[in-house]
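Given the structure is predicted, the values throughout are model-derived calculations rather than measurements.
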Amino acid sequence: MNMEGISKSFLYYSSNQISNSFRESSGCKSIYEADPSAVIRKEEDGIVAKSHYTEDEALWNQYIKQYRDSLKIVDGKLIVNGDPRNVLLGKVSQEELEQFRLKLEQEGIGDDIDWRGVESDFKKMDVDFDNVGCLDTKIDYIASRYAVLKDRIEKNYSGDEKEQQLSRLNEIMDSAKKTIVDSYCNSVGSFYEEYGYSGIKAEFSESLSKGIDQRISQYEEHLEKSESYAALGDTAAKWLQQDDGYMAARLRDDLAAYGAPSAQGSETDYTLQDLEVAGLYAAECAKRLDSQGVFWSDSEQRIGLDLAVQGMKTDYLTEKAGLSGNMQKLLQDTFQNYKDKYVDLLEQMNREKAKQFHTPLKTSIDRKELSAVYEYTMNQYRQSGDILDAFTKGAKHAQASFEANFSDRAGSPGSYSAKYEWDNFFGQSKYASVSNEYSMYEKYRKSISRFMESLESGGNKKINLLFNSSGDYELSLFA
């Protein structure tokens with residue numbers, strides 16, 4: 001595993017761990033025990049942690065920088081050269097950290113910019129299906145850090161040196177920005193182009209680039225209005241003003257407290273909120289396509305109900321997630337294409353599986369029966385706007401439809417397993433392997449409720465689409 005700079009990795013220690021080392025109650029450990037495995041956590045975890053970046057974390061970061069030349073990662077293993085005083089492999093006492101704090105209060109950390117740390121922190125900004133929920137966090141992080149660094153350069157430098165420093169900052173920022181835009185478009189943008197939106201990658205690229213620039217401008221403007229945002233004054237903690245990572249975190253806090261204005265583009269642009277939700281939606285669809293068939297039912301009625309739940313979630317998402325009209329249309333159109341392709345791939349997969357067995361297996365899907373359940377359930381939702389009520393009515397309709405046609409296909413491949421599913425859909429089977437296990441009906445309802453709660457809680461990073469709407473989840477999801 002390649003780590004792009006040790007300074008960034010040190011922030012992977014949680015703020016709770018570090019805070020506890022300074023504020024322990026009697027009877028608790030009086031030292032901070034470093035965990036070497038924390039050094040190689042995923043980058044997105046580090047970015048989320050650093051979006052808060054407390055004073056204790058700033059102290060630990062500055063302390064550990066003394067030894068970063070003695071530490072490196074080789075093939076995923078922590079290598080220690082020389083004597084880094086057991087910073088990571090041993091223990092650092094509270095007394096030693098407090099002594100270091102006093103030193104910083106007396107001497108500061110210097111006005112020179114730690115470019116090595118900046119370059120390291122601005123790397124690994126790729127955005128894909130696995131971390132697209134961190135898109136806004138990543139943008140917020142680099143935009144606020146950029147604003148603080150630019151302000152410092154403009155105040156502390158002049159002439160050619162100022163231009164050189166600004167040029168270096170812009171070069172680092174442009175690289176991070178390009179990484180975010182290109183990786184997002186190559187993953188999320190490619191998905192939407194595959195599902196019928198030719199040229200969407202270019203549109204996403206333009207909107208995302210504009211959104212990042214707008215976020216930077218927001219922080220620059222707010223910084224000018226609130227130069228005392230960190231409230232450090234002439235206190236002993238004034239050394240923190242020299243830690244641009246800490247100052248950027250406080251700038252984010254201050255802007256959030258005053259209410260950050262939403263970035264509005266032209267009618268053809270997508271907002272950053274649009275783009276993150278689009279990424280979450282694409283990631284969930286791709287995940288569902290990759291796992292299609294794993295929990296597959298032999299009942300067309302069940303597949304139709306499953307897709308209807310996804311369709312209702314799509315409608316609800318477009319109504320409640322604060323999306324632009326363009327993004328609402330994009331998601332709606334994408335789902336229709338996705339729905340058709342999902343059934344095509346499901347049928348193709350089962351034809352291929354059937355070739356591996358001598359016993360006849362079901363190889364085709366009655367799309368008319370599937371569509372009947374899907375349309376009935378969706379119509380119930382369109383009339384009431386209540387997903388849970390529409391699902392209940394749709395499930396009862398699907399069960400009745402299956403029972404009405406069962407006698408005509410009894411004995412055909414999959415017919416009896418489908419009947420077992422529907423017989424036990426609304427209540428737990430007496431043959432259930434887990435006591436007190438939820439019925440399939442309850443699992444559906446709980447997944448729907450979890451989805452709606454995630455939208456109501458605010459903040460698109462918490463959205464739980466749960467497109468595995470058949471309820472095939474770990475039971476811990478519903479704890």
*Asks:* Are Glu221 and Lys225 close enough for a salt bridge, meaning some N to O gap below 4.0 Å?
*Replies:* no
*Asks:* Got a donor-acceptor contact below 3.5 angstrom from the Gln301 side chain to the Gln399 backbone?
*Replies:* no
*Asks:* Give the C-alpha distance, both sets of side-chain angles, the deciding distance and a yes or no for side chain to side chain donor-acceptor pair (under 3.5 Å) between Asp140 and Tyr219.
*Replies:* CA-CA 9 Å; Asp140 226 28; Tyr219 278 113; 2.8 Å; yes
*Asks:* To the nearest 0.5 Å, what is the distance between NZ on Lys313 and CD1 on Ile448?
*Replies:*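 Going from NZ on Lys313 over to CD1 on Ile448, the span is 6.0 Å.
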*Asks:* Do Gln273 and Leu323 come close enough that some side-chain heavy atom pair is under 4.5 Å?
*Replies:*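 In short, these two side chains touch, coming nearer than 4.5 Å.
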*Asks:* Considering only heavy atoms from C-beta outward, does the side chain of Arg168 approach that of Val118 to under 4.5 Å?
*Replies:*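 They are not in contact (no side-chain heavy atoms under 4.5 Å apart), so the answer is no.
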*Asks:* Ignoring hydrogens and angles, state whether a donor on the side chain of Asn61 or Tyr53 is under 3.5 Å from an acceptor on the partner side chain.
*Replies:*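 The answer is yes; a qualifying pair exists.
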*Asks:* Could you pull out the closest heavy-atom pair between Ile212 and Leu272, with the gap in Å?
*Replies:* N-CD2, 4.5 Å
*Asks:* Is the shortest side-chain heavy-atom distance between Asp386 and Phe391 below 4.5 Å?
*Replies:* no
*Asks:* Hey, what do you get for CD1 (Ile109) to CG (Asp243), rounding to the nearest 0.5 Å?
*Replies:*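 Ile109 atom CD1 to Asp243 atom CG measures 5.0 Å (nearest 0.5 Å).
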*Asks:* So which atom in Arg152 and which in Asp112 form the shortest heavy-atom distance, rounded to 0.1 Å?
*Replies:*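 For Arg152 versus Asp112, the nearest heavy atoms are NH1-O, 4.0 Å.
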*Asks:* Not counting sequence neighbours, which residues clear side-chain contact (heavy atoms from CB on, under 4.5 Å) with Ser324? List them please.
*Replies:*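 Listed in chain order: Tyr270, Asp274, Asn326, Met327.
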*Asks:* Side-chain contact test, heavy atoms from C-beta onward, threshold under 4.5 Å: evaluate it for Ile387 versus Asp315 and give yes or no.
*Replies:*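 Heavy-atom side-chain distance check fails, nothing below 4.5 Å.
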*Asks:* Answer yes when Asp253 and Arg250 have at least one side-chain N-carboxylate O distance shorter than 4.0 Å, and no when they do not.
*Replies:* yes
*Asks:* Within the side chain of Ser120, is there an N or O that forms a donor-acceptor pair under 3.5 Å with the backbone of Arg116?
*Replies:*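 Checked: no pair found.
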*Asks:* Find out whether Gln62 and Lys65 are in side-chain contact, i.e. whether some heavy atom of one side chain is under 4.5 Å from a heavy atom of the other.
*Replies:* yes
*Asks:* To the nearest 0.5 Å, how far apart are OG1 in Thr54 and CG in Leu59?
*Replies:*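 Going from OG1 on Thr54 over to CG on Leu59, the span is 9.5 Å.
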*Asks:* May I ask you to decide if Phe204's main-chain N or O and Ser207's side chain share a donor-acceptor pair within less than 3.5 Å?
*Replies:*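 No, Ser207 side chain to Phe204 backbone: no donor-acceptor pair under 3.5 Å.
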*Asks:* Tell me if a side-chain donor or acceptor on Ser183 pairs with a main-chain N or O of Ile180 at a distance below 3.5 Å.
*Replies:*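 Checking the backbone N and O of Ile180 against the side chain of Ser183, a donor-acceptor pair under 3.5 Å is found.
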*Asks:* Give, for atom CD1 of Ile303 and atom CD of Glu347, the distance between the pair rounded to the nearest 0.5 Å.
*Replies:*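 One gets 9.5 Å once the value is rounded to the nearest 0.5 Å.
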*Asks:* Between Ile216 and Ala143, which heavy-atom pair has the shortest distance, and what is it?
*Replies:*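 Shortest heavy-atom contact: CG1-CB, 3.7 Å.
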*Asks:* Distance from Lys178 atom NZ to Met125 atom CE, nearest 0.5 Å?
*Replies:*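 One gets 15.5 Å once the value is rounded to the nearest 0.5 Å.
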*Asks:* Go through Arg351 and Gln348 one step at a time and tell me if the side chain to side chain contact (heavy atoms under 4.5 Å, CB included) criterion holds.
*Replies:* CA-CA 5 Å; Arg351 285 197 297 266; Gln348 177 184 344; 4.0 Å; yes
*Asks:* Check His222 against Leu251 and note the closest heavy-atom contact, atom names and distance.
*Replies:*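 Smallest heavy-atom distance, with atoms named: CD2-CD1, 3.9 Å.
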*Asks:* Tell me whether Asp344 is salt-bridged to Arg367, with the criterion being a basic N under 4.0 Å from an acidic carboxylate O.
*Replies:*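 Looking at Arg367 together with Asp344, the answer is yes, because their closest N to O distance falls below 4.0 Å.
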*Asks:* Is it possible for you to check whether Lys339 lies under 6.0 Å from the centre of the six-membered ring of Tyr374, through NZ or CZ, and within 45° of that ring's axis?
*Replies:*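 Flagged: Lys339 positioned over aromatic ring of Tyr374.
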*Asks:* Taking all atoms of both residues into account, what is the closest heavy-atom pair of Tyr381 and Glu319, and its distance?
*Replies:* OH-OE1, 3.5 Å
*Asks:* Do the side chain of Tyr184 and the main chain of Leu275 share a donor and acceptor less than 3.5 angstrom apart?
*Replies:*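 At least one qualifying donor-acceptor pair exists.
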*Asks:* According to ring-ring contact (aromatic ring centres under 6.0 Å, His included), who are the partners of Tyr157, at least two apart in sequence or on a separate chain?
*Replies:*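 Tyr157: no ring-ring contact (aromatic ring centres under 6.0 Å, His included) contacts found.
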*Asks:* Do the non-hydrogen side-chain atoms of Tyr338 and Leu289 ever get within less than 4.5 Å of each other?
*Replies:*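 In short, these two side chains touch, coming nearer than 4.5 Å.
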*Asks:* Quick one: SG on Cys285 to CZ on Phe335, what's the gap to the nearest 0.5 Å?
*Replies:* 8.0 Å
*Asks:* With side chain to side chain contact (heavy atoms under 4.5 Å, CB included) as the test, would you mind laying out the steps for Ser144 and Val148 before giving the verdict?
*Replies:* CA-CA 6 Å; Ser144 57; Val148 167; 5.7 Å; no
*Asks:* If you take the centroid of each ring, where Trp contributes its six-membered ring, are Phe425 and Tyr444 closer together than 6.0 Å?
*Replies:* yes
*Asks:* Tell me if a side-chain donor or acceptor on Glu300 pairs with a main-chain N or O of Asp366 at a distance below 3.5 Å.
*Replies:*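 Pair found, side chain donor or acceptor close to backbone of Asp366.
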*Asks:* Given 3.5 Å as the limit, does a donor-acceptor pair link the side chain of Ser167 with the main chain of Glu163, or not?
*Replies:*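 Here the side-chain-to-backbone pair does not exist.
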*Asks:* Return the set of residues passing side-chain contact (heavy atoms from CB on, under 4.5 Å) with Lys355 (not counting sequence neighbours), or none when no residue passes.
*Replies:*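 Once residues adjacent in sequence are excluded, Lys355 has no partner under the side-chain contact (heavy atoms from CB on, under 4.5 Å) criterion.
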*Asks:* Might you point out which heavy atoms bring Phe122 and Arg145 nearest each other, and give the distance in Å?
*Replies:*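 The pair with the smallest heavy-atom distance is CE1-CG, 3.5 Å.
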*Asks:* More than 12 heavy atoms of other residues, nucleotides or ligands under 6.0 Å from CD of Gln332: is that the case?
*Replies:* yes
*Asks:* Is any side-chain heavy atom of Met349 closer than 4.5 Å to one of Leu345?
*Replies:*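 No; the side chains remain at least 4.5 Å from each other.
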*Asks:* Is Lys201 reaching over with its side chain to a backbone N or O of Glu193, donor-acceptor style, under 3.5 angstrom?
*Replies:*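 Not a single qualifying donor-acceptor pair exists.
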*Asks:* May I ask you to test the Tyr316-Met312 pair for a side-chain heavy-atom distance under 4.5 Å?
*Replies:*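 Not touching, per the 4.5 Å side-chain cut-off.
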*Asks:* For the pair Ser454 (side chain) and Phe451 (backbone), establish whether a donor and an acceptor sit closer than 3.5 Å, ignoring hydrogens and angles.
*Replies:* yes
*Asks:* Would you call Asp306 and Arg288 a salt bridge, taking side-chain N to carboxylate O under 4.0 Å as the test?
*Replies:* yes
*Asks:* Is there a side chain to side chain contact (heavy atoms under 4.5 Å, CB included) between Asp333 and Tyr195? Walk through the geometry before answering.
*Replies:* CA-CA 9 Å; Asp333 292 347; Tyr195 283 84; over 6 Å; no
*Asks:* Look at the side chain of Asp269 and the backbone N and O of Glu206, then say whether any donor-acceptor pair between them is shorter than 3.5 Å.
*Replies:*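 No, the answer is negative, given that no donor and acceptor are paired below the 3.5 Å cut-off.
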